[in-house]
S.K.: 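The following block contains the structure, expressed as structure tokens.
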Amino acid sequence: MLTNRINTLSESITIAITALAGELKAQGKDILSFSAGEPDFGTPRVIKDAAIQAINDGFTKYTAVDGIPELKTAIANKLKRDNNLTYAANQIIVSNGAKHSLFNLFSVLIDNGDEVIIPAPYWVTYPELVKYCGGKVVEIETHDVTGFKITPEQLKSAITPNTKMLVLTTPSNPTGSIYSKEELTQLGKVLEGTEIIVASDEMYEKLIYEGVFTSCASISEDMFKRTITINGLSKSVAMTGWRFGYMAAYNTEIIKATKKLQSQSTSNINSITQKAAIVGLDGEADGDIEMMRKEFLARRDEAVKLFNNIEGLSVLKPDGAFYLFVNISKISNDSLGFAKDLLDKKLVAVVPGVGFGSEGYFRFSFAANINSIRTGIKRIEEFVKENY
Ligand code: PMP
Ligand code: GLU
């Protein structure tokens with residue numbers, strides 16, 4: 001009955017494990033979950049107030065499919081201020097979360113047989129959406145020893161005449177690694193003279209602990225023209241449930257095509273979220289963003305220290321985002337089995353590396369309070385001692 005297309009799509013493993021942990025908790029089990037890619041903070045007051053105001057003002061009707069003009073202006077201003085990128089309103093479209101932006105992007109650009117280069121470990125959603133749209137995923141493997149970053153040589157050898165797109169995530173989910181300006185410049189040079197599009201997912205841009213964040217599109221005129229910048233507010237201002245994301249592209253045809261698709265599928269995003277998002281973008285919530293960043297930084301440092309004291313495990317200190325990608329390859333090359341057993345025996349939920357395309361690791365989100373992080377890592381230590 002179902003299409004092949006949907007039958008070959010896998011459910012998001014990050015969402016599935018988070019849901020399972022939630023169910024077990026609801027049954028009364030003492031579950032500690034580090035599986036969610038979601039800030040544990042609430043949405044800042046100023047943003048909530050803007051939403052309440054929008055409701056009270058009756059701002060509850062359909063809007064322009066691609067976002068209200070003042071929201072698009074706020075996005076353009078943000079891209080200029082934070083990223084040194086100049087986009088006009090017809091180069092921006094707002095969607096129901098960055099995940100929806102990516103779905104739209106692959107839908108309008110990937111044809112049957114087109115190859116999409118995705119560095120692994122990757123965020124679980126990219127390969128599934130690419131395949132759903134008929135594309136072929138070409139993975140480039142990376143490891144902790146090289147900071148989980150692809151090299152220009154690796155990129156060069158992954159390119160074929162069928163390569164349509166490269167997906168870059170900086171800072172990365174699940175590793176937290178950040179490409180420097182120099183590294184992006186070198187990758188950009190490999191692409192010069194090709195038609196390859198870069199999808200730059202910059203969702204974790206505000207969560208930087210070391211180094212400087214550089215937007216892919218900002219490194220050269222050539223990169224600006226080939227890059228689609230994807231971002232949102234789920235991570236930076238804890239707005240996961242509000243559903244807001246956007247993409248910005250030099251090529252207005254891409255935005256026009258996405259608007260057409262959206263006009264026949266979801267229409268505009270929630271009108272109230274649009275008003276709230278303006279406040280999330282225009283700097284009014286910057287104090288809240290910094291408060292959350294500092295708290296994540298303290299948790300990162302503590303969690304990294306604790307993990308690196310466990311014999312058999314090791315972890316790189318991530319430069320950004322709120323994940324640790326913990327290497328377990330000394331003790332196990334079955335990350336799914338490891339994660340299942342850990343949940344079963346110690347009631348701790350983490351996401352197996354295999355879901356991100358990298359066996360021998362698990363992802364631990366430190367978007368959780370410090371006491372549960374300490375207790376959770378203690379349980380993981382006991383688990384490792386007792387079973388490996
Ligand atoms: N990109 C990355 C790298 C992510 O981790 C996520 C997960 N939240 C998203 C995009 C999508 O976020 P949202 O749809 O909530 O905007
Ligand atoms: N992106 C988050 C994560 O990696 C949320 C879950 C999802 O959208 O897959 O956990």
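Each ligand, and each atom within it, is numbered from 1 in the order the structure gives.
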S.K.: So, does R363 sit close enough to ligand 2 that a heavy atom of it is under 4.0 Å from the ligand?
M.R.: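 The answer is yes: ligand 2 sits under 4.0 Å from a heavy atom of R363.
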S.K.: Between K378 and E381 (salt bridge meaning N to carboxylate O under 4.0 Å), is one present in this structure?
M.R.: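 So K378 pairs with E381 through a salt bridge.
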S.K.: Y126: heavy atom below 4.0 Å from ligand 1, yes or no?
M.R.: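 Per 4.0 Å heavy-atom rule, Y126 contacts ligand 1.
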S.K.: Between R81 and D282, does any NZ, NE, NH1 or NH2 come within less than 4.0 Å of an OD or OE carboxylate oxygen?
M.R.: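 Looking at D282 and R81, the cut-off is not met.
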S.K.: Looking at atom 6 (C) of ligand 2, what's its closest protein heavy atom, distance included?
M.R.: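 Answer for atom 6 (C) of ligand 2: T14 OG1, 3.4 Å.
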S.K.: Between S234 and ligand 1, which part of the residue brings a heavy atom under 4.0 Å of the ligand: side chain, backbone, both or neither?
M.R.: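 Side chain only; the backbone of S234 stays clear of ligand 1.
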S.K.: In the protein, what heavy atom is nearest to atom 2 (C) of ligand 1, and what distance, to one decimal place, separates them?
M.R.: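 Going atom by atom, the protein heavy atom closest to atom 2 (C) of ligand 1 ends up being D201 OD2, 3.4 Å.
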S.K.: Under a 4.0 Å N-O cut-off, is there an ion pair linking E205 with K78?
M.R.: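 Yes.
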S.K.: Is the closest basic N to carboxylate O distance between D222 and R226 below 4.0 Å?
M.R.: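 Yes.
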S.K.: Considering only heavy atoms, which of E128, K99, E11, K235 lies nearest to atom 8 (O) of ligand 2?
M.R.: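 Looking at heavy atoms only, the winner is K99.
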S.K.: Once you restrict to heavy atoms under 4.0 Å, what part of N173 touches ligand 2? Side chain, backbone, both or neither.
M.R.: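 For N173, only side-chain atoms sit under 4.0 Å from ligand 2.
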S.K.: Between F103, Y204, W123, Y323, flag the one that comes closest to atom 9 (C) of ligand 1 by a heavy atom.
M.R.: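 Of the listed residues, W123 has the closest heavy atom.
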S.K.: Does T169 come within less than 4.0 angstrom of ligand 1, counting non-hydrogen atoms of the residue?
M.R.: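 T169: in contact with ligand 1 (<4.0 Å).
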S.K.: Before signing off on this row, confirm whether K99 and ligand 1 have an N or O atom pair separated by under 3.5 Å.
M.R.: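 N/O-N/O distance under 3.5 Å: yes.
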S.K.: Salt bridge check: are D40 and R299 linked by an N-O gap of less than 4.0 Å?
M.R.: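 Result for this pair is yes, salt bridge flagged.
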S.K.: Below the 3.5 angstrom mark, is there an N/O of M203, backbone or side chain, next to an N/O of ligand 1?
M.R.: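 Min N/O separation from ligand 1 is not below 3.5 Å for M203.
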S.K.: So how far is it from S329 OG to Y361 OH, rounded to the nearest 0.5 Å?
M.R.: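 Between S329 OG and Y361 OH, I get 6.5 Å after rounding to 0.5 Å.
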S.K.: Does R45 come within less than 4.0 Å of D49, counting only side-chain N to carboxylate O?
M.R.: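 Looking at R45 and D49, the cut-off is met.
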S.K.: Does this structure show an ion pair linking E382 with K345, if we count only N-O contacts that are shorter than 4.0 Å?
M.R.: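 A salt bridge is absent here (no side-chain N lies under 4.0 Å from a carboxylate O).
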S.K.: Would you kindly specify which portion of K235 sits under 4.0 Å from ligand 1, judged on non-hydrogen atoms: side chain, backbone, both or neither?
M.R.: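 It is the side chain that gets close, since no backbone atom is under 4.0 Å.
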S.K.: Using a strict 4.0 Å threshold on nitrogen-to-oxygen distance, state whether D57 and K275 make a salt bridge.
M.R.: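 No, D57 and K275 are not salt-bridged.
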S.K.: Report yes or no: does a heavy atom of G97 sit under 4.0 Å from some atom of ligand 1?
M.R.: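 Flag set, G97 near ligand 1.
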S.K.: Only heavy atoms count here, so choose which of W123, F356, Y204 is nearest to atom 1 (N) of ligand 2.
M.R.: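 Answer by nearest heavy atom: W123.
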S.K.: With a cut-off of 4.0 Å, which atoms of ligand 1 are near a heavy atom of N173?
M.R.: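 Within the 4.0 Å cut-off of N173, ligand 1 contributes 3 (C), 4 (C), 5 (O).
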S.K.: Among A98, S101, S172, G245, which residue places a heavy atom closest to atom 16 (O) of ligand 1?
M.R.: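 Of the listed residues, A98 has the closest heavy atom.
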S.K.: So which protein heavy atom does atom 5 (C) of ligand 2 come closest to, and at what separation?
M.R.: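 Nearest protein contact, heavy atoms only, for atom 5 (C) of ligand 2 is G37 O, 3.8 Å.
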S.K.: Look up atom CG in L187 and atom CD in E192, then write down how far apart they are to the nearest 0.5 Å.
M.R.: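 If we round to the nearest 0.5 Å, L187:CG and E192:CD are 11.5 Å apart.
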S.K.: Checking Q27 against E23 for the side-chain hydrogen bond (donor to acceptor under 3.5 Å, both in side chains) test, could you report, in this order, the C-alpha distance in whole Å, the side-chain angles of both residues, the deciding distance, and whether it holds?
M.R.: CA-CA 6 Å; Q27 289 167 17; E23 273 168 38; 5.3 Å; no
S.K.: Once you restrict to heavy atoms under 4.0 Å, what part of R243 touches ligand 1? Side chain, backbone, both or neither.
M.R.: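 Side chain only; the backbone of R243 stays clear of ligand 1.
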